[in-house]
Amino acid sequence: MGHAARRPALRSVLAGDVEDAARSLLGRTLSAGGVTVRLTEVEAYAGTGEDPASHAHRGQTTRNAIMFGPAGFAYVYFTYGMHWCMNVVTGTPGVASAVLLRAGEVVSGVDAARARRPAVRRDVDLARGPARLCSALGIDRSAYGLDLLDRASPVRLSGGPSPVPPDAIAAGPRVGVTGAHDLEWRFWIAGDPTVSAYRRHVPKARI
DNA sequence: GGGCCGATCAAG
DNA sequence: TTGATCGGCCCA
């Protein structure tokens, strides 16, 4: 067994602070449905009472229950009546923090990803956005609650080629979030072409 | 039970 | 810029 410097076990990193967990997920790979992406953009969400933008902000419900469990499990949700998005649950049991996977670079299974997203022209757009990423990997409701660190899981998170150095990570406000604009909890690999476009939340006009 | 709105995307 | 489309959550 080699002894080259390695990152600490992923599960223990995920069990800690959500911001650290989010940063450490960059550069890791996520595999499902014959496709593997290298994560290039993520967002941190804190738990109940701390973060108005979190799906767990108002407490535990059937939908968000998995967020209250241990780290490393998948919180998948349906939105806008048509899209799936995936989070990695972080923190210790009782702490409902999670990291939204916003974008990735398809590093293998490009053909399978293209088959699921026929309208896409450039490879960099295959998983450029949280719902696009799930679509490219074929992730839907059936992935809810899976242990992403279990070797036998159909949706799997692994180490990735190499750690992303801190100075290669950029941070900014989260996409589509109404409040907490001072909080820079969106993290991405600086300069990476697969990072999604930033869209500030625009409140609908009230009459 | 009713109404509102969203951690989005693709086309115009 | 806008429409698609529906589940979750709040309030009555």
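Quick note on labels: first sequence line is chain A, next is B, and so on, each numbered from 1.
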Report summary line: Among the nucleotides C/dC10, B/dA7, B/dT8, whichever has the atom closest to the side chain of A/Y45 is B/dA7
Report summary line: Picking from C/dG7, B/dA7, C/dC10, the nucleotide nearest the side-chain atoms of A/F78 would be C/dG7
Query - Straight-line distance of A/E41 CD to A/F187 CZ, nearest 0.5 Å - result: 11.5 Å
Report task. Please report, rounded to the nearest Å, how far the P atom of B/dG6 is from the NE2 atom of A/H57. Result -> 15 Å
Query raised in the report: Under a 3.5 Å cut-off for both distances, is B/dA7 Watson-Crick or wobble paired, and to whom?
Result: none
Requested in this report: Look at all strands and tell whether A/T61 reaches a base, only sugar-phosphate, or nothing, counting heavy atoms closer than 4.0 Å.
Outcome: sugar-phosphate
Query - Assigned partner base of C/dC10, Watson-Crick or wobble definition, under 3.5 Å - result: B/dG2
Query raised in the report: More 5' along DNA chain B: A/A119 or A/H83, using each one's nearest nucleotide?
Result: A/H83
Query raised in the report: Which whole-number value in Å describes the distance from A/E41 CD to B/dT8 P?
Result: 10 Å
Query raised in the report: Reckon A/A131 touches a base, only the sugar-phosphate, or nothing at all at heavy-atom distances under 4.0 Å?
Result: sugar-phosphate
**Report entry** 5'-most by nearest nucleotide on DNA chain C - A/R141 or A/M82
**Finding:** A/M82
Query raised in the report: Quick one: which of A/T29, A/L146, A/L39 gives a side chain to side chain contact (heavy atoms under 4.5 Å, CB included) with A/L157?
Result: A/L39
Query raised in the report: Can we call the ring centroids of A/F73 and A/Y75 under 6.0 Å apart?
Result: no
Query raised in the report: Rounded to the Å, how far apart are A/R128 CZ and B/dT8 P?
Result: 14 Å
Report task. With heavy atoms under 4.0 Å as the rule, sort A/R174 into base, sugar-phosphate or nothing. Result -> nothing
Query raised in the report: For A/Y80 and C/dT2, what is the distance between atoms OH and P respectively, to the nearest whole Å?
Result: 15 Å
Query - Base of B/dA7 paired with side chain of A/Y77 (donor-acceptor, under 3.5 Å) - result: yes
**Report entry** Protein-nucleotide distance (A/W84, atom CH2; C/dG8, atom C1'), rounded to Å
**Finding:** 12 Å
Report task. Can you tell me the distance, in whole Å, between the CZ atom of A/R199 and the C1' atom of C/dT2? Result -> 13 Å
Query raised in the report: Over how many whole Å does the gap from A/F187 atom CZ to B/dA7 atom P extend?
Result: 19 Å
Query raised in the report: Reckon A/R117 touches a base, only the sugar-phosphate, or nothing at all at heavy-atom distances under 4.0 Å?
Result: sugar-phosphate
Query raised in the report: Is the centre of the A/H55 ring less than 6.0 Å from the centre of the A/Y45 ring?
Result: no
Query raised in the report: Are the charged groups of A/D192 and A/R38 less than 4.0 angstrom apart, N to O?
Result: yes
Query - C/dG8 OP1/OP2 closer than 4.0 Å to side-chain N/O of A/H55 - result: no
Query raised in the report: Does the side chain of A/R102 get closer than 4.0 angstrom to OP1 or OP2 of B/dA7 through an N or O atom?
Result: no
Report task. Taking only the side-chain nitrogens and oxygens of A/R132, find out if one of them lies under 4.0 Å from OP1 or OP2 of B/dA10. Result -> yes
Report summary line: Separation between CZ (A/R28) and CG (A/L10), nearest 0.5 Å, reads 4.5 Å
**Report entry** Closest listed nucleotide, where the reference is the side chain of A/N64 and the choices are B/dA7, C/dC10, C/dC9
**Finding:** C/dC9
Report summary line: Rounded to whole Å, the OH-C1' distance (A/Y144 to C/dG8) equals 12 Å
